[in-house]
Structure formats: C-alpha cells, structure tokens
Amino acid sequence: MSIEFQVKKRGFSEFRLIERQDDPLGENEIRLNIDIFSFTANNITYAAAGDSLGYWQFFPSSDNESGEWGIIPVWSMADVVESNHADVPVGDRLYGYFPPATSLVIKPANVSDEALFDATAHRQALPPLYNRYSRVLSSPTYDRQADIARTLLGPLHMTSFALWDQLRKNDYYGSEQAIVVSASSKTSLGLAHGLSKDESNIKIVGLTSARNVEFVKDTGLYDEVIAYENATNDLKDVASIVVDMAGNPDVKRAIGARLGDNAKYYIKVGITHWADLGRGSGFEASSDETKEENFFAPSYILQRMNELGPKEFDKRASAFMRDTALASFDWMTVEPRAGLEQLAEVYSSICDGSLSPDIGIVVQM
C-alpha cells in the first residue's frame, strides 16, 4: 500500500491524500521508496504549467476517474527496495524527479554507473532531463548529510546557474541593471548571488512584495530592493534586463510603463503568482526593440551541454551551485516535515505564497 499527495488541476490549492495498492513489478522494473524531498514555490510553478508544459503527465494520479486530480513532481532521494533489473540492485539510491508519494515504480534504461533513465512508456515524450536519475552511491564524494541541500536547492540553483550563464553569455543584453522580479525566491537569490560575484558592474535590483523587502535587503545580495507597488516611481530608467520569476501582469505592466524601450530583454521564468494566469501579459509599453523569452531551464541546459561538453558544463554548474548553496544557509532555515501528512499542513502557505521566504521545507518520509 502506498500514499499519494494529489491536487486539483484546475484549483490546486485543494489537495488530498490517496491510498493505492502496489502492483507486482513487471519485467526490468524497480520499486523505489521515496526518502526525502523538498517542496517550494518552484513546485507550484510545475502545477501552474501542468497543462502547457506537461507536468501532470509524469506521474498519473490514482483513483482519478474524473481526471481532475494531478500530482506535482518533486526532487527527491529514493532507495531501491525491489528490483527486476539485473543492473540496478536493491539498496541503490537515486536522485531525481519523483511524485510526493511513498513509492514509485520505474523501468530503468541506458543504465551506467552514474545514472539511468526511466523508460516507462508514458514519460517518453517528456523532456529527457526530467527522466534522468543519478545513482548517487557511485560518487566517491557522496555524503548523505548533504541530501537536504541537494533536494532543496539543487533544482532551484541549477535554474539560477542557467539564467546567470545566459546573461553572461549575452553580455547582459547591453544593460546597466538586472531587475529580478520575485527577488525573495530561492532561485532569484541564487541568481543574485551569482551576479554579485561577477566582474561586471551591472546593478542588481530586486522587486518583491512589501512584506519581504527587509528580508531581501538583509541577504545583502541586491544593490537595491524595491516593493512592487513602488516600481513605477523608484526603478531607474536605464537599459535593463528583466528576469521575472513571478508572472504577475500588473508588475510587468508597471516595469514596462517605467522603462519603455530601456527594457532591453524580458525573461519569463516562473509563475509564482499563478492566480494571475489568464489576465494578459502586461508590458504594454514594450516595443519591437524589447525581446521577450519564455525560459525553460531543461532546454537551455541541454543546449549548453552540447556547446560546452557535459564535463565542462558540469564543472561550471557544480562550482556555481556549491557557492550559492553555502551562501543560502546564511539566510535560510530548513524546516523538516515528517511525511505527507505534515506536507499537507504547510502546503496551503506554499501555494498562496505566505510562507516566509527564509524557510526551506524538506519532507522526510
């Protein structure tokens, strides 16, 4: 018997816990018990983009004849407890994309010492990066005590690295300042940390809610911190690159009204303000000189791996992520939750954005 944490696809503030029977393993399948995973605003982005980017397809919900329930993917460590695959023994430990549930069955393929891929049929049309699982016990540097940092910050700071790398590669699109929207998010703070260590003189500006202004200032990662409602008056009208982790059309419209053609490039990343979906894109003041991009980290990562080679990419990304993770523990407190029942207790505050930004939720099963 296993338990799943499910949410309503069309109103994912509503959730439920569902028990399901475990079926016998098929040929070459393995069963994993999920050990530890993080849950952040990034996971809410997966739900907001569940239809458009296919996130609901990774882990189909049980007991869901109506099709209205979905499972939000999480980044997790899990242990092999049953195996019908000759190359993946019981006791192996994997890091990758899992459901918030007690267990998962996958069908390993392309197994190497370092990694494997899930060849389950329904996942084959989905981004391959999400189907890759690291076999962490093969690494001589693996430290189980670092699992919290890896599950909580690894996926977020990989996106931070990809954004930072793109900005540097494009010489910051000729901008004098980088404006980071939703500056209190862990991905934003990772990006700000990277930018703060650059040799460039680009100014780092954080936009955030009024309640988070002091917290964002206290991190020391931004040159200036501005509340959303003050953006129109307080933003400097100079050539700017905007990295938007929120997707709030009102904030986007205010930036456009203030900067006009000085908004040189607009990168849309996350959808933390998911309730604003469908209200229009905002940014009415943008012109043909302003370019916009929907940034999808897995695609960019694969592109850069091809350009740099996997080893060089891993070297650069690992160095970035190591530094940003260490810096994060200066301002972040990890709050462990025991099991799916305690995830349910805090889920609503993550979903509506009221959870304090200095808290990192890690669920230990």
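Reckoned from all heavy atoms, side chains included, excluding hydrogens, waters and symmetry mates.
Residues Tyr300 and Phe295 bring their aromatic ring centres within 6.0 Å.
A tilted orientation is assigned to the rings of Phe161 and Trp164, their planes being inclined by 30° to 60°.
Under the side-chain hydrogen bond (donor to acceptor under 3.5 Å, both in side chains) criterion, Ser83 pairs with no residue, sequence neighbours left out. Not counting sequence neighbours, the partners of Arg123 by the side-chain hydrogen bond (donor to acceptor under 3.5 Å, both in side chains) test are Asp118, Asn131, Tyr133. Judged as a side-chain hydrogen bond (donor to acceptor under 3.5 Å, both in side chains), and not counting sequence neighbours, the contacts of Lys203 are Glu224. Listed by chain and residue number, Tyr55, Tyr97 satisfy the ring-ring contact (aromatic ring centres under 6.0 Å, His included) test with Tyr46 (two or more places apart in sequence, or in another chain). Taking the side-chain hydrogen bond (donor to acceptor under 3.5 Å, both in side chains) definition, one finds that Ser103 meets it with Ser2, sequence neighbours left out.
For Ser138 and Glu114, the side-chain atoms include no donor-acceptor pair closer than 3.5 Å. A side-chain N or O of Tyr173 and one of Gln166 form a donor-acceptor pair less than 3.5 Å apart. Side-chain contact, Ser209 with Asn212: a donor N or O sits under 3.5 Å from an acceptor N or O.
Under the 4.5 Å side-chain heavy-atom criterion for Ile, Leu, Val, Met, Phe, Trp and Tyr, Phe39 and Tyr130 are members of the same hydrophobic cluster. Criterion: ILVMFWY side-chain heavy atoms under 4.5 Å apart, direct or through other members. Under it, Tyr142 and Val88 are part of a common hydrophobic cluster. Phe117 is not connected to Met305 by any chain of hydrophobic side-chain contacts under 4.5 Å among Ile, Leu, Val, Met, Phe, Trp and Tyr, and they are in different clusters.
For residues 131-145, the pairs satisfying salt bridge (Lys or Arg N to Asp or Glu O under 4.0 Å) are Asp35-Arg144, Asp92-Arg135, with sequence neighbours left out. Among residues at least two apart or in separate chains, salt bridge (Lys or Arg N to Asp or Glu O under 4.0 Å) pairs with a member in residues 182-198 are Arg168-Asp198. For residues 46-55, the set of pairs meeting the salt bridge (Lys or Arg N to Asp or Glu O under 4.0 Å) definition, not counting sequence neighbours, comprises Arg10-Asp51. Listed by first and then second residue, the salt bridge (Lys or Arg N to Asp or Glu O under 4.0 Å) pairs involving residues 70-86 are Arg31-Glu82, Asp79-Arg93 (not counting sequence neighbours). Legend: side-chain hydrogen bond (donor to acceptor under 3.5 Å, both in side chains) pairs involving residues 323-334, not counting sequence neighbours, sorted by first then second residue: His157-Thr324.
The main-chain N or O of His122 is never found under 3.5 Å from a side-chain atom of Gln57 such that the two would form a donor-acceptor pair. Side-chain atoms of Tyr228 come within 3.5 Å of backbone atoms of Ser182 as a donor-acceptor pair (strictly under, hydrogens ignored). Asn84 contributes no side-chain N or O that, together with a main-chain N or O of Glu29, makes up a donor-acceptor pair within less than 3.5 Å. Ser76 places a side-chain N or O within 3.5 Å of a backbone atom of Ile36 that can act as its donor or acceptor partner. A donor-acceptor pair under 3.5 Å is formed between the side chain of Asn262 and the backbone N or O of Asp237. In this structure a side-chain-to-backbone donor-acceptor pair under 3.5 Å is missing from Thr187 to Ser160. Using a distance-only test at 3.5 Å, with no hydrogens or angles considered, no donor-acceptor pair links the side chain of Glu68 to the main chain of Asn64. Although no hydrogens or angles enter the test, the distance criterion places no donor-acceptor pair under 3.5 Å between the side chain of Ser139 and the main chain of Val136. Distance alone, capped at 3.5 Å, places no donor-acceptor pair between the Asp171 side chain and the Gly174 backbone.
Between Asp147 and Arg150, none of the side-chain N atoms (NZ, or NE/NH1/NH2) sits under 4.0 Å from a carboxylate O, so this pair counts as no salt bridge. Salt bridge Arg304/Glu312: absent, no basic N to carboxylate O contact under 4.0 Å.
Hydrophobic cluster membership for Val105: Leu25 (Ile, Leu, Val, Met, Phe, Trp, Tyr linked by side-chain heavy atoms under 4.5 Å, directly or transitively).
Residues Ala344 and Phe5 come closest through the heavy atom pair CA-CE1, 3.9 Å.
Between Ile106 and Leu116 the shortest side-chain heavy-atom distance falls below 4.5 Å. Residues Val225 and Thr208 form a side-chain contact, since some pair of their non-hydrogen atoms from C-beta on lies under 4.5 Å apart. The side-chain heavy atoms of Val180 and Leu191, taken from C-beta on, include a pair separated by under 4.5 Å. Within the 4.5 Å cutoff, no side-chain heavy atoms of Met321 are placed close to those of Leu153.
The side-chain tip of Lys8 does not point at the ring of Phe15 from less than 6.0 angstrom away and within 45° of straight on.
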Please assess Tyr347 against Phe12 for the test side-chain contact (heavy atoms from CB on, under 4.5 Å), listing each intermediate value before the final yes or no.
CA-CA 10 Å; Tyr347 173 76; Phe12 42 85; 3.9 Å; yes
Residue pair Arg337, Glu335: steps toward the salt bridge (charged side-chain N to carboxylate O under 4.0 Å, His left out) verdict
CA-CA 7 Å; Arg337 293 277 164 163; Glu335 186 176 298; 2.5 Å; yes
Under the criterion salt bridge (charged side-chain N to carboxylate O under 4.0 Å, His left out), I'd like the reasoning laid out for Arg20 against Asp22: C-alpha separation, chi angles, the key distance, then a yes or no.
CA-CA 6 Å; Arg20 59 172 167 80; Asp22 290 332; 3.1 Å; yes
Should Lys252 and Glu292 be marked as a salt bridge (charged side-chain N to carboxylate O under 4.0 Å, His left out) after you check the CA-CA gap, both sets of side-chain angles, and the distance that decides it?
CA-CA 12 Å; Lys252 189 177 182 185; Glu292 296 190 43; 2.8 Å; yes
Worked verdict on Lys169 versus Glu307 for salt bridge (charged side-chain N to carboxylate O under 4.0 Å, His left out):
CA-CA 12 Å; Lys169 187 177 72 166; Glu307 293 171 354; 3.8 Å; yes
Solution key, residues 354-365 side-chain donor-acceptor pairs under 3.5 Å, sequence neighbours excluded:
| from | atom 1 | to | atom 2 | distance (Å) |
| --- | --- | --- | --- | --- |
| Ser354 | OG | Asp352 | OD1 | 2.6 |
| Ser356 | OG | Asp358 | OD1 | 2.4 |

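Heavy-atom neighbours of Lys9 NZ from other residues, nucleotides or ligands within 6.0 Å: above the threshold of 12.
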